[in-house]
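In what follows, chains carry the letters A, B, and so on, assigned in the order in which the sequence lines appear, proteins first and then strands, with residues in each chain numbered from 1.
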Amino acid sequence: MSNNIFEQSKEVFLDVVDAKEYIQLDRVSIIYNALKDAIKKPLKMILLYGRPGTGKSMMLNKLYRDLFEHQKVILYQTPIIDENEFFRSLARDVYDHHTDNEINFTRFNELSATYDFDVVPLVLLDEAQLYAPSLMEKIRLISDSRKIKFVFTLHKTEREDLIAKEHFKTRIWESQELYNATPAELKLYIQKKLMRANGFDVANMFNEKNVKLIHTLTAGNYRETNKLLFTLFGIYEWYDDNQPTKINYTNISHKTIEMAAIRTGLIHA
Amino acid sequence: MLNVLELERQWRRYKIRRSAPYFLLALLFLLAVPVFLLWSNRSLEPIVTAKIFYTEKTEPESNNITNTAKLQEEKKELVKSSSRLTLPVKTVDPQETITVEEPELVLVTEIPTLSPSLGFVKRMKNNLLLHENDAVIINQSTSAENMPKDAKPILSIPVKKSKLLQTPQQESVVEVKIPTKAKIQLKPVETIQTLPETENISMTSDSSGSSDFLIVRKYDNKDLRDVMHRFEKNRSPALSLFITKRFYALGDYQQAYNYALITNEIDNDIEDSWIIFSKSLVKLDQKELAVSTLKSYITQSHSIKASILLDDIKKGKFK
């Protein structure tokens, strides 16, 4: 590990979906608990939706990590676009049925009829808006049979709303919406992340004004915030190595934040 | 790899570009404020014409005056007006041609004032009120534009000599020939008539003749001077009308005439001013001029009061 505190801080904000890095915030915590409760109910489908960068994938990952030891749960972080490949993957992961032969929708239903679980297996599908409508219709039919329970994440756009209406409006399902962070949540998010990596000094360099500027630039988008802070600490790391006199160790300067925003494309200079 | 130095340059460009509109707005505001103030000042004084005050350095020996005129004051502030020049003068023979060498004029300040000259007002303000042999020449050709055509009296006193000032646009030597026909001789103006300090007026309310009320009216020339001082400051026609009436009441018809003239210039729609103007002319033995003035005024205003006065003047009831 490097001695440069800014290099350590930079690594914290590397944008990866890892449940270990999940930061529990008040509002997010409420949504997560509601989601967990929904899974216990006899619902066929659960929808988790929100704008990009609101933490849907991270929450799905966290859910998988928390439920993994208690029930059969499968997470598909990357959509499987091909229908046969999707059913074959599902048969392998849910029923432990390995085959090189083609598995279509009919074959999969026949297979699922032969298995019975005390707790219905849970399949988590991230980026569900990328699935073809015909496949989504078949997923709906599988969920109707109550053999598998699905949790989807969707980007909240007009198009995805339409998909939801077309495919799921008559189904029994529950939806949870995730929101962009408020300035207070963003400050907590940044400081919690830094403190988790023992970056207490760096965490104290963030004040209300700094976080407000970051929030203005990123619109509370966690992914954009991660990118911005990763670049920000990269710049600080350079200054620390080359021009340490230019660093104010008590406050994150607006200039550096704006430079990071220029670098990440949040500001068009 | 981060190129921080390049990022710094980009950041500087970004800051300049971002702050440029604010800078321009501030600059526009700074420019707009004086323009607005200038505009608002002009709009407040739409009628006033600019006058230039000159301080005359009198050099008696160098003045090539044919007569042996001597100026009473070493320094006088004279108002140069585009419409009128009122000059404090010494007596001058009406038939004489006067040649005046251009006096050295020193520009003191430029402030907007209204004609005619208030030189005589200033003299009175200082309690001098010494007209002695001085007289006021009111040039017929420079009387107020808003006066009726026939109401352009030229009043002068027979004087021995006069010193005329030139405006900067004039030639260096000016010969002024004062036509005798256009002049009317008037008596020298006396000082403000001294009034009794108090006047008791008793009023009776019943047939027995016992007095119930006693009105004590105080006369004080200081009041008049105060009003004149206020008038100098605010140029209110109401004040000049008041002064006009007071002078007329005091019997100083020359001053009553002058102030009526000023009042008419400021506001040519004040009936009382025209009435006193005409009455003063009658008192100054200018009956014909008074009649013509009243006729012109009546034509314009259809004033009944003026008609009655005209009738009285014609019939000799008002002398």
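With a 4.5 angstrom heavy-atom cutoff, B/Arg13 does not touch chain A via any of its atoms. In this structure, chain A has heavy atoms under 4.5 Å from both the backbone and the side chain of B/Glu8. Both the backbone and the side chain of A/Thr231 come within contact range of chain B, judged by heavy atoms closer than 4.5 Å.
Chain B forms the most heavy-atom pairs under 4.5 Å with one residue out of A/Met259, A/His268, A/Gln243, and that residue is A/Met259.
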Walk me through whether B/Asp272 and B/Lys245 qualify under salt bridge (Lys or Arg N to Asp or Glu O under 4.0 Å). CA-CA 9 Å; B/Asp272 282 359; B/Lys245 286 180 176 178; 3.1 Å; yes

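Remark: the B/Asn234 side chain and the B/Ser236 side chain contain no N/O donor-acceptor pair separated by less than 3.5 Å. In the model, A/Asn180 has no side-chain atom that pairs as donor or acceptor with a side-chain atom of A/Thr54 under 3.5 Å.
With A/Tyr222 as the fixed residue, the side chain to side chain contact (heavy atoms under 4.5 Å, CB included) test singles out one of A/Lys227, A/Met58, A/Glu185: A/Glu185.
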